[in-house]
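Reviewing the structure listed below.
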Amino acid sequence: MKQNRSGRRKVAAALAAASLAVGTIASNILTEDGQVQAASSRLEGAIHDIFPESYWAGLDALQAEHPNWQFIAFETGLSWEDCFAPSDKAYEHEMELARNLIPSSGYPTSWYSTEVEGAYSWTQNSWNVLSAPNWIQASQEAVAYCMDPRNFFTEEQIFQFEQQTYNEFQSVEGVEAILSSVGSYWMRSGEESDLYYEDGSQRVYLTYAEAFVKIGQELDISPYILASRVIQEQGSGTSPLISGTKSFTLADGTVVDGGYYNYFNMDATDGGDVGYEQIYQNGLREAYNNGWDTRYKSLYGGAAKLAETFLKRGQDTFYFQKFNVDSSSNRLFWGQYMQNILAPQSEGRNTMKAYQEAGGLDHSFVFVIPVFSDMPDSCPYPTKDGNPNYKLSSIIVNGQLAPGFHMDQTDYTMSASGSGFSVNVYANAYADTTSIDVNGVSMKGKFSASIPVQEGSNTLTITATAENGDSCVYRIHLDWEEKNANNGMDGSYVINGYRTDGEYLSNVTPGTTVGAFRSHITLNGGASLTLADDQGTPYYDSDLIRTGTIVTISSGSTVLAQYRVIIYGDISGDGKIDIVDFTYIKSQMLGQLSLSGLRAEAADIDGDGTVGIVDFTYLKSKMLDVMDIPQH
């Protein structure tokens, strides 16, 4: 999981020998116009001389346990706020969409972002998948936790800051300890793995562990780092990117029938088109362009590219390869190897275990740790859980939709009249876990109750509280006039030809206009019909009825019924059934996204309660003009 952007700057970083006195290690950057620019500084010396006080306790404990370890402070030149909200800065920041991703399950919901635009769909009550199969946007709270070095000053986690150069104590046995953790694929012989390099006319076969050590020695990269990185990218070894049998298509249309490998997933991105196939195609084209037509060439070439693109630019730790926080970098924040915010932790843990099993934890390791100004006291592990959705899809007072209603608009002004001193309030939330309180009366998911009012000015305070405790307050400033007329309270209606189940209205033919739809509903007495989208915008008679249309039938101040329209096959909610809907259901079948809410209802064409192969077949047949989608 990597960013698909790259920079061109070169960093020449030289580490001086450890010293008791404080020393500055400067890196120089050769910019694209040939100018030399000083990079953020690296400081050597005693912990209390080079690190902020909040770093001392954790690093002191590690130093006491391992006297041979050396800690270098990397002065990023950034304040903590710069990393997240640099509104007055020219550069980007960590909270750009898709910059930091996390798996969509296994963590409290506070790890997942609702604040980054494009990360979460309030109307669909779900997070958007940004990279296959299930990677979604991390919240600022989660990113801050993972970026705060002070959270990882333990023996197990400190190795995400280890400088990634080769040392002679890094052994084949240590690499095997890393590889054995993910299965037998990586432990086979060279002949079984088809892993070899060519020495003249001879093939020299190596195990994966032997190959990583040989490459590490030649490129001056820790073989432990290489092994950890490859298994982070390839897991148990089943990816088509390293099978050698996956075909792919070049930019000129030429089809290559396998024979190429990309162990480090270099440029293996989906380019914004979420899906595995795009990842495979891009990754294998990169392998072809680099001539990685053997497993060893791919391992060596990927390691060399890692060194050139990251290590020689000063990004020589797992942490810096995830979080590029050198303020002098011309690719600040976005020049990162991976999108997974958990990768430094898992790769650092794998490396530590290898050293531990080899009995080498007391070697003279060098750890380069970033320092920011104006850091908060702490950035704790996010623990808040539960559905975060507190948005309302509609507010209706005495049969009137709040004028110009939008889920993000919180204040409205209305006038209403009727007999007595109460109004009927109807409010609907996108999530059935949302609690809705109106002037002290509470309900969950949907609200329908009579609320006392007085003559003249009133305020209806509507508090929507998500399952996780987050909330939003909507206010209706209501001018009430008491009248004795019966106000149409005896209104009624009949729905002809459509099916209703208390929540949804279906059996609507795709392409039905609002005008045609109205002809199916007979209104009696003072009953009225309102049709609007999920933002409360009324429809014109020429508009199409679509999945998600809100149908409200009122009699005076009373909401008699409210339904959401479902048109089976119209998954996108545009009133048509076309290739867009087919793409949705295909992505669901491939595991690239998970349909929920109205989209899931519309995709369940056969009505069995799940979205499966039968529903896919219906839509595929529709695309081929073999049959129409049945409505029911």
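Heavy-atom basis, side chains included; hydrogens, waters and symmetry copies ignored.
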Stepwise salt bridge (charged side-chain N to carboxylate O under 4.0 Å, His left out) test for Asp408 and Lys391: CA-CA 8 Å; Asp408 293 328; Lys391 303 286 188 180; 2.6 Å; yes

Report yes or no: does Ser113 contribute a side-chain atom to a donor-acceptor pair with the main-chain N or O of Glu115 at less than 3.5 Å? yes

Within this structure, what is the CD-CH2 distance for the pair Gln336 and Trp334, rounded to the nearest 0.5 Å? 10.0 Å

Heavy-atom pair with the smallest gap, counting every atom of Met414 and Leu401: CE-O, 4.3 Å

Heavy-atom distance under 4.5 Å between the side chains of Gln409 and Tyr474, does that happen here? no

Ser492 and Asn524 side chains, donor-acceptor separation under 3.5 Å: yes

Is the backbone of Ile571 close enough, under 3.5 Å, to the side chain of Asp581 for a donor and an acceptor to pair up by distance? yes

Is any side-chain N of the basic residue among Lys622 and Asp578 closer than 4.0 Å to the acidic one's carboxylate O? no

Over 60° means perpendicular and under 30° means parallel, so tell me whether Phe517 and Tyr498 are parallel, tilted or perpendicular. parallel

Distance flag, aromatic centroids of Phe323 and Phe333, threshold under 6.0 Å: no

Any luck finding a side-chain donor-acceptor pair between Ser126 and Ser121 under 3.5 Å? no

So Ser542 and Thr513, side chain to side chain contact (heavy atoms under 4.5 Å, CB included) or not? Walk me through it. CA-CA 6 Å; Ser542 59; Thr513 65; 6.0 Å; no

For Asp570, is there an ion pair with Lys576 - N to carboxylate O distance below 4.0 angstrom? no

Val614 and side chain to side chain contact (heavy atoms under 4.5 Å, CB included): which single residue from Ile605, Asp606, Asp604, Asp608 fits? Asp606

Given 3.5 Å as the limit, does a donor-acceptor pair link the side chain of Asn439 with the main chain of Thr461, or not? yes

Quick one: do Arg229 and Glu347 satisfy salt bridge (charged side-chain N to carboxylate O under 4.0 Å, His left out)? Show the steps, please. CA-CA 7 Å; Arg229 178 56 48 78; Glu347 295 188 47; 2.9 Å; yes

Stepwise side-chain hydrogen bond (donor to acceptor under 3.5 Å, both in side chains) check, Ser442 with Asp437: CA-CA 4 Å; Ser442 297; Asp437 180 282; 2.6 Å; yes

Tell me if the aromatic rings of Trp122 and Tyr430 count as close, with their centers under 6.0 Å from one another. no

If you measure from CG on Leu342 to CZ on Arg349, what distance do you get to the nearest 0.5 Å? 9.0 Å

Which heavy atom of Phe447 sits nearest a heavy atom of Ile451, and at what distance? CZ-CD1, 4.0 Å

For side chain to side chain contact (heavy atoms under 4.5 Å, CB included), just list the numbers for Val255 and Phe248, CA-CA rounded to whole Å, side-chain angles, deciding distance to a tenth of an Å, and then say yes or no. CA-CA 6 Å; Val255 176; Phe248 55 97; over 6 Å; no

Rounded to the nearest 0.5 Å, the NE2 atom of His520 sits from the CG atom of Leu505 at a distance of 10.5 Å

Name the residue from Tyr112, Tyr107, Trp111 that meets the ring pair (Phe, Tyr, Trp, His ring centres under 6.0 Å) definition with Trp127. Tyr112

In plain terms, say whether Arg518 and Asp541 are close enough for a salt bridge, that is, a side-chain N and a carboxylate O under 4.0 Å apart. yes

Between Phe152 and Tyr145, does the ring centroid distance fall short of 6.0 Å? yes

Short side-chain donor-acceptor distance under 3.5 Å, Asn282 and Asp267: no

Backbone N/O of Asn468 and side chain of Asn387: donor-acceptor pair under 3.5 Å: no

Nearest non-hydrogen partners of Asn262 and Ala287, listed with the distance: CB-CB, 4.2 Å

Could you tell me whether the side chains of Arg475 and Tyr412 share a donor-acceptor contact shorter than 3.5 Å? no

Measuring only between side-chain heavy atoms, which start at C-beta, is Ser228 closer than 4.5 Å to Phe318? yes

State the CG-CD distance between Leu595 and Gln588, to the nearest 0.5 angstrom. 4.0 Å

Under a 4.5 Å cut-off applied to non-hydrogen side-chain atoms, are Thr383 and Asp385 in contact? no

After noting the C-alpha distance and the side-chain angles of Tyr568 and Asn507, does the key distance pass the side-chain hydrogen bond (donor to acceptor under 3.5 Å, both in side chains) rule? CA-CA 8 Å; Tyr568 294 98; Asn507 202 32; over 6 Å; no

Can you list everything that forms a side-chain hydrogen bond (donor to acceptor under 3.5 Å, both in side chains) with Lys384? Sequence neighbours excluded, please. Asp470

